[in-house]
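Whatever order the structure lists them in is the order used to number ligands and atoms, beginning at 1.
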Amino acid sequence: MAVRRKQFAVIGLGRFGCSVARTLARAGVDVLAVDKDEARVQDIAPEVTHAVQGDTTDEAVLTSLGLRNFDVVIVAIGADMQASILTTLMLKDLGVPYIVAKAATEPHARVLEKVGADRVVRPESEMGERVAHSLTDVNLMDYIELAPGFSVVEIVSPKESHGKSLKQLDWGARLGVNIVAIRRGTAVKAACGAEDVIEPGDVLVAVGPDDKIRRIEHGEF
Ligand code: ATP
């Protein structure tokens with residue numbers, strides 16, 4: 001039985017496209033790299049299975065490249081929105097099973113989805129969000145300092161607490177942190193009892209030492 005390897009094509013060899021093409025090639029899959037700029041094609045040629053110069057807004061070029069036979073095509077054209085949209089649309093019409101397209105802006109992303117991209121990526125904003133999240137306490141909503149190192153804090157319930165009662169969690173005895181209210185949607189339950197069970201999306205109003213609240217926030221309890 002012949003084993004057929006997955007065929008990938010990357011169109012547009014800017015920084016993003018080159019990075020995708022190189023990583024795929026290093027993973028051992030077949031990669032066709034395409035760009036209208038011959039110099040960019042030459043640069044990547046030694047690292048991928050095939051590298052071809054061509055303008056993919058030209059239907060005859062797409063057809064001659066045999067792109068209809070590829071399993072996954074990544075459209076990594078960014079700045080030229082028209083070329084990116086037209087290329088994606090024609091690939092869809094050719095019947096490519098899975099198209100990943102890079103968008104420069106939010107409206108660009110919406111159009112790419114409309115014309116049939118199976119996955120739209122926005123590398124700059126996605127990476128920006130990831131870096132910001134990694135630098136902030138994402139679960140922390142608001143806080144009032146009662147004394148240095150001791151606060152009333154609103155936190156989004158960490159997933160480790162979901163489905164557990166306050167009694168089971170026992171934060172009061174173990175960490176010196178008391179949950180004084182739970183906000184669920186627009187409803188607020190004050191004077192929480194031991195039997196109250198925490199649900200995803202609950203906002204917990206916690207009173208206690210900052211370092212211990214931080215542990216709860218990060219699910220380390
Ligand atoms: P990056 O941020 O990844 O460097 P970018 O968003 O700046 O990329 P561009 O430089 O606009 O993206 O495009 C990436 C590549 O796509 C360029 O090398 C460009 O030559 C190529 N490209 C643009 N239009 C076409 C097209 N119609 N056919 C083939 N390649 C194209």
Side-chain angles (χ1 to χ4, degrees), residues 2-140 156:
V3 178
R4 185 179 167 280
R5 294 211 292 176
K6 261 196 170 184
Q7 308 282 313
F8 290 80
V10 179
I11 299 171
L13 302 170
R15 288 160 300 176
F16 176 74
C18 280
S19 167
V20 172
R22 282 199 187 97
T23 308
L24 287 169
R26 284 187 198 134
V29 299
D30 287 336
V31 180
L32 166 68
V34 184
D35 201 292
K36 66 177 182 184
D37 180 339
E38 179 67 32
R40 294 200 168 185
V41 174
Q42 292 306 326
D43 278 350
I44 202 145
E47 299 176 68
V48 295
T49 321
H50 297 288
V52 177
Q53 188 274 333
D55 182 339
T56 56
T57 57
D58 182 340
E59 201 163 1
V61 170
L62 281 191
T63 311
S64 70
L65 289 171
L67 284 168
R68 65 160 71 235
N69 300 317
F70 281 73
D71 300 286
V72 181
V73 179
I74 297 107
V75 182
I77 302 169
D80 187 344
M81 209 180 287
Q82 194 177 333
S84 137
I85 293 164
L86 199 53
T87 299
T88 305
L89 179 72
M90 289 195 293
L91 290 169
K92 189 73 188 175
D93 284 347
L94 284 175
V96 173
Y98 197 77
I99 303 167
V100 180
K102 174 184 135 154
T105 63
E106 172 59 28
H108 184 189
R110 289 214 300 273
V111 177
L112 289 170
E113 275 164 16
K114 285 254 158 63
V115 299
D118 299 283
R119 182 169 163 202
V120 176
V121 291
R122 290 185 58 197
E124 291 89 352
S125 57
E126 281 166 27
M127 189 47 84
E129 280 166 24
R130 228 188 270 181
V131 170
H133 278 304
S134 73
L135 297 173
T136 55
D137 291 326
V138 282
N139 287 337
L140 179 71
V156 177

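- When only non-hydrogen protein atoms are considered, atom 10 (O) of ligand 1 lies nearest to Arg40 NH1, 4.0 Å.
- Residue Asp55 approaches ligand 1 through these ligand atoms, each under 4.0 Å from one of its heavy atoms: 26 (C), 27 (N), 28 (N).
- The part of Ala83 lying near ligand 1 is the side chain, judged by heavy-atom distances below 4.0 Å.
- In this structure, Thr49 contributes its side chain and Val31 its backbone to a donor-acceptor pair below 3.5 Å.
- For ligand 1, the atoms closer than 4.0 angstrom to any heavy atom of Gly54 are 28 (N), 29 (C).
- Taking every heavy atom of both residues into account, Asp71 and Gln7 meet most closely at OD2-N, 2.7 Å.
- In this structure, Lys92 and Val115 have side chains that are not in contact, with every pair of non-hydrogen atoms separated by 4.5 Å or more.
- Two residues are said to be in side-chain contact when any heavy atoms from C-beta on lie closer than 4.5 Å; Met81 and Thr105 meet this criterion.
- Summary of contacts: the protein heavy atom closest to atom 31 (C) of ligand 1 is Lys36 CG, 3.8 Å.
- Nearest-heavy-atom check against atom 13 (O) of ligand 1 across Gly14, Gly12, Gly78, Ala104 picks out Gly78.
- Ligand 1 places these atoms under 4.0 Å from at least one heavy atom of Thr57: 27 (N).
- In terms of protein heavy atoms, atom 2 (O) of ligand 1 is closest to Arg15 NH2, 3.0 Å.
- Closest to atom 3 (O) of ligand 1, if we only count protein heavy atoms, is Phe16 N, 2.7 Å.
- With a 4.0 Å cut-off on non-hydrogen atoms, Thr56 touches ligand 1 through its backbone as well as its side chain.
- Side chain of Asp35 to main chain of Leu13: a donor-acceptor pair is present (N/O by atom type, distance under 3.5 Å, no hydrogens or angles).
- Within ligand 1, the atoms closer than 4.0 Å to a non-hydrogen atom of Lys102 are 1 (P), 2 (O), 3 (O), 5 (P), 6 (O), 8 (O), numbered from 1 in the order shown.
- The shell of residues lying under 4.0 angstrom from ligand 1, judged by heavy atoms, excludes Ser84.
- With respect to atom 22 (N) of ligand 1, the closest heavy atom belonging to the protein is Ile77 CG1, 4.0 Å.
- With atom 20 (O) of ligand 1 as the reference point, the heavy atom nearest to it among Asp37, Ile11, Val41, Asp35 is part of Asp35.
- At a 4.0 Å cut-off, not a single heavy atom of Val34 sits close enough to ligand 1 to count as contact.
- Checked by atom type and distance alone, the side chain of Ser19 never pairs as donor or acceptor with a backbone atom of Arg15 at under 3.5 Å.
- In this structure a side-chain-to-backbone donor-acceptor pair under 3.5 Å is missing from Ser84 to Asp80.
- Within the 4.5 Å cutoff, no side-chain heavy atoms of Lys102 are placed close to those of His108.
- Closest of all the heavy-atom pairs between Phe16 and Ala76 is CD2-CB, 3.7 Å.
- In terms of heavy atoms, Val34 sits closest to Gly54 at CG1-O, 3.9 Å.
- A heavy-atom separation below 4.0 Å is found between Ala76 and ligand 1.
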